[in-house]
**Student:** 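First, the structure itself, so that you have it in front of you.
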Amino acid sequence: MKAGVLLSLAAAAVAVPCTPNYPTTTLAGIEVVDTQLVRDALSLIKNSGLHDYVVKHQIRSWLYGAQQLNNNATLKSLVDPEAQAVTILLHDLGWDMSPNSPWTTKTDRFEVDSANGARNFVRGHPDGKRWSETKVQQMWDAIALQGAYGLASHKEPLVWGSIQGIAVDYQGAGVFGINQTIVDQVVAAYPNSDLLYGTNETFKWFCEYKPDTTYDTWVENWGNYFVPGYNSTGHRQVDRFRTVF
């Protein structure tokens, strides 16, 4: 998003607050929004077929995202903290590897599965029904674009304001205003020692279980490196050009 647009949004936010005044609570030392919708989103992932490493990743990412809003009054005036919370908490529903997953399909990328699952959750929730279609769409966009930060960073504040929280869980302190003290207190409550192993295993599973959804995506390399028999050659856009030139 261009600097001029951001300045205009910030100026408008100072004049007229953009976000509701939600009830809050403290989790791992961080003030977070505490609505029924957020509590139910948290309950959903905790009681689903998702592996523990995915659940903890989504919670840590939410906490980092919430702290980013707490650190920056202008950002907090632009990003609805309830929408950010639900977006981040549900951003990896498509990582569910259980046989009868309500979210994971064989036909769509995991980002799309996750975005569709989050949208269905919000639309089916009594409080979510009050969300505008614009807010629902921005949540969907944030989840679908989670692996394309270069694109998401040019979208609406809810989109990039959600993805920034997710990024911290992989990149660590020093990213988007989150210091080591915050990381340490979040990790103490929700350990991250299994994050990279779990992510690696999940991406390998995508390449094994639904390879057609991984070709020409950033997950493709997990198949090429780790999955016997996986071969993206012939399935990529560039391969179509190679048959002509």
**Student:** Hey, mind stepping through Gln171 and Val168 against side chain to side chain contact (heavy atoms under 4.5 Å, CB included) and telling me if it holds?
**Tutor:** CA-CA 5 Å; Gln171 298 181 34; Val168 174; over 6 Å; no

**Student:** Roughly how far, to the nearest 0.5 Å, is the OG atom of Ser61 from the CG atom of Asp169?
**Tutor:** 4.0 Å

**Student:** Within the structure provided, determine whether Leu145 and Lys155 are in side-chain contact (heavy-atom separation under 4.5 Å).
**Tutor:** yes

**Student:** So, Ser101 side chain and Ser98 main chain: donor-acceptor pair closer than 3.5 Å or not?
**Tutor:** no

**Student:** Above 12 or not: heavy atoms from other molecules or residues under 6.0 Å from OH of Tyr149?
**Tutor:** yes

**Student:** Report yes if the side chains of Phe206 and Thr214 come closer than 4.5 Å at any heavy-atom pair, otherwise no.
**Tutor:** yes

**Student:** Indicate the atoms forming the closest heavy-atom contact of Glu208 with Pro211, along with that distance.
**Tutor:** O-CD, 3.7 Å

**Student:** I'd like to know whether Ile30 forms a side chain to side chain contact (heavy atoms under 4.5 Å, CB included) with Gln185, so could you lay out the CA-CA distance, the side-chain angles of the two residues, the decisive distance to 0.1 Å, and finally the verdict.
**Tutor:** CA-CA 9 Å; Ile30 294 176; Gln185 70 189 50; 3.7 Å; yes

**Student:** Checking Tyr170 now: which residues fulfil ring-ring contact (aromatic ring centres under 6.0 Å, His included) with it, not counting sequence neighbours?
**Tutor:**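 Tyr170: ring-ring contact (aromatic ring centres under 6.0 Å, His included) contacts with His57.
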
**Student:** Evaluate the side-chain proximity of Leu37 to Trp131: yes if any heavy-atom separation is below 4.5 Å, no if none is.
**Tutor:** yes

**Student:** Does any part of the side chain of Thr213, heavy atoms only, come nearer than 4.5 Å to the side chain of Phe110, both counted from C-beta?
**Tutor:** no

**Student:** Does any pair with a residue in residues 21-32 pass salt bridge (charged side-chain N to carboxylate O under 4.0 Å, His left out), and if so which ones, sequence neighbours excluded?
**Tutor:**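 Residue pairs with at least one partner in residues 21-32: there are none.
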
**Student:** Is the backbone of Val187 close enough, under 3.5 Å, to the side chain of Arg60 for a donor and an acceptor to pair up by distance?
**Tutor:**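 Not a single qualifying donor-acceptor pair exists.
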
**Student:** Drop me the distance from Asn200's CG to Trp205's CH2, to the nearest 0.5 angstrom.
**Tutor:**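 Here the interatomic distance stands at 15.0 Å.
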
**Student:** Within a strict 4.5 Å, meaning less than it, do heavy atoms of the Val122 and Val86 side chains meet?
**Tutor:** yes

**Student:** Could you tell me which non-hydrogen atom of Ala189 sits nearest to which non-hydrogen atom of Ala28, and how far apart they are?
**Tutor:** CB-CB, 3.8 Å

**Student:** Among pairs that include at least one residue of residues 173-183, which meet side-chain hydrogen bond (donor to acceptor under 3.5 Å, both in side chains), considering only residues two or more places apart or in two chains?
**Tutor:**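 Qualifying pairs, neighbours excluded: Gln180-Asp184.
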
**Student:** Do Arg123 and Lys129 have side-chain heavy atoms sitting under 4.5 Å apart?
**Tutor:** no

**Student:** What I want to check is whether the side chains of Asp141 and Gln137 have a donor and an acceptor closer together than 3.5 Å.
**Tutor:** yes

**Student:** Start with the C-alpha distance between Trp103 and Asn116, add both sets of side-chain angles, then the distance that settles side chain to side chain donor-acceptor pair (under 3.5 Å), and finish with yes or no.
**Tutor:** CA-CA 8 Å; Trp103 306 302; Asn116 287 342; over 6 Å; no

**Student:** Keeping the roles fixed (side chain from Thr87, backbone from Ala83), state whether a donor-acceptor pair exists under 3.5 Å.
**Tutor:**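 Indeed, once roles are kept as given, a pair shorter than 3.5 Å links the two residues.
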
**Student:** Under 3.5 Å, is there a donor-acceptor pair linking the side chains of Gln67 and Asn71?
**Tutor:** yes

**Student:** How about Leu75 and Trp160: do any of their side-chain heavy atoms sit closer than 4.5 Å?
**Tutor:**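 Result yes, sub-4.5 Å side-chain heavy-atom pair found.
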
**Student:** So which atom in Val227 and which in Cys207 form the shortest heavy-atom distance, rounded to 0.1 Å?
**Tutor:**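 Val227 and Cys207 have their closest heavy atoms at CG2-CB, 3.9 Å.
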
**Student:** Could you tell me which non-hydrogen atom of Arg39 sits nearest to which non-hydrogen atom of Asp34, and how far apart they are?
**Tutor:** NH1-OD1, 3.0 Å

**Student:** Mark yes when over 12 heavy atoms from residues, nucleotides or ligands other than Asn47 sit less than 6.0 Å from its CG; otherwise mark no.
**Tutor:**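 Check passes, neighbour count above 12.
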
**Student:** Find out whether Asp80 and Tyr22 are in side-chain contact, i.e. whether some heavy atom of one side chain is under 4.5 Å from a heavy atom of the other.
**Tutor:** yes

**Student:** By side chain to side chain donor-acceptor pair (under 3.5 Å), which residues pair with Tyr215, not counting sequence neighbours?
**Tutor:** none

**Student:** Ignoring hydrogens, what is the shortest heavy-atom contact between Lys135 and Leu158? Give both atom names and the distance.
**Tutor:**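 Closest heavy-atom pair between Lys135 and Leu158: O-CD2, 4.0 Å.
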
**Student:** Under the salt bridge (charged side-chain N to carboxylate O under 4.0 Å, His left out) test, which residues partner Asp194, sequence neighbours left out?
**Tutor:**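 Once residues adjacent in sequence are excluded, the partners of Asp194 under the salt bridge (charged side-chain N to carboxylate O under 4.0 Å, His left out) criterion are Lys56.
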
**Student:** Strictly by modelled atom types, are Asn192 and Tyr53 linked by a side-chain donor-acceptor pair under 3.5 Å?
**Tutor:**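 There is no such pair between these side chains.
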
**Student:** Apply the hydrophobic cluster definition, ILVMFWY joined by side-chain contacts under 4.5 Å directly or through others, and give me every member besides Val112.
**Tutor:**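 Result for Val112 is Trp140.
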
**Student:** Would a distance-only check, ignoring hydrogens and angles, find a side-chain to backbone donor-acceptor pair under 3.5 Å from Gln84 to Gly161?
**Tutor:** yes

**Student:** For a side chain to side chain contact (heavy atoms under 4.5 Å, CB included) check, start with the C-alpha distance between Gln58 and Leu50, then their side-chain angles and the critical distance, and finish with the verdict.
**Tutor:** CA-CA 11 Å; Gln58 292 178 116; Leu50 291 167; 3.7 Å; yes

**Student:** How far apart are the closest heavy atoms of Ile178 and Tyr64, and which atoms are they?
**Tutor:**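 Here Ile178 and Tyr64 meet closest at CD1-O, 3.7 Å.
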
**Student:** Which pairs, with at least one residue in residues 209-228 and sequence neighbours excluded, count as a salt bridge (charged side-chain N to carboxylate O under 4.0 Å, His left out)?
**Tutor:**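 Residue pairs with at least one partner in residues 209-228: Asp113-Lys210.
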
**Student:** Only counting residues at least two apart or in another chain, list the ones meeting salt bridge (charged side-chain N to carboxylate O under 4.0 Å, His left out) with Arg119.
**Tutor:** none

**Student:** What do the steps show when you test Lys76 against Asn70 for side chain to side chain contact (heavy atoms under 4.5 Å, CB included), and what is the final call?
**Tutor:** CA-CA 7 Å; Lys76 194 166 189 175; Asn70 296 339; 3.2 Å; yes

**Student:** For the CG atom of Leu63 and the CD1 atom of Ile59, what is their distance to the nearest 0.5 Å?
**Tutor:** 7.5 Å

**Student:** Please name all residues satisfying salt bridge (charged side-chain N to carboxylate O under 4.0 Å, His left out) with Glu201, sequence neighbours left out, ordered by chain then number.
**Tutor:**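 By the salt bridge (charged side-chain N to carboxylate O under 4.0 Å, His left out) rule, Glu201 matches Lys204.
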
**Student:** Return each pair, listed once, that meets ring pair (Phe, Tyr, Trp, His ring centres under 6.0 Å) where at least one residue sits in residues 23-45; pairs must be two or more places apart or across chains.
**Tutor:** none

**Student:** Do any N or O atoms from the side chain of Ser48 and from the backbone of Ile45 form a donor-acceptor pair under 3.5 angstrom?
**Tutor:**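 Here the side-chain-to-backbone pair exists.
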
**Student:** How long is the straight-line distance from OG1 of Thr217 back to CG of Asn221, given to the nearest 0.5 Å?
**Tutor:** 8.5 Å

**Student:** Tell me, please, which residues at least two apart from Phe121 pass ring-ring contact (aromatic ring centres under 6.0 Å, His included).
**Tutor:**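 Phe121 satisfies ring-ring contact (aromatic ring centres under 6.0 Å, His included) with His125 only.
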
**Student:** How many angstroms lie between CD in Gln164 and CG in Leu69, if you round to the nearest 0.5 Å?
**Tutor:**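 Those atoms lie 9.0 Å apart.
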
**Student:** If you measure from OG1 on Thr202 to CE on Met97, what distance do you get to the nearest 0.5 Å?
**Tutor:** 4.0 Å

**Student:** Applying salt bridge (charged side-chain N to carboxylate O under 4.0 Å, His left out) as the test, list every pair that has at least one member in residues 81-110; sequence neighbours left out.
**Tutor:**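 Qualifying pairs, neighbours excluded: Arg109-Glu111.
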
**Student:** Under 6.0 Å between the ring centres of Phe203 and Trp95?
**Tutor:** yes

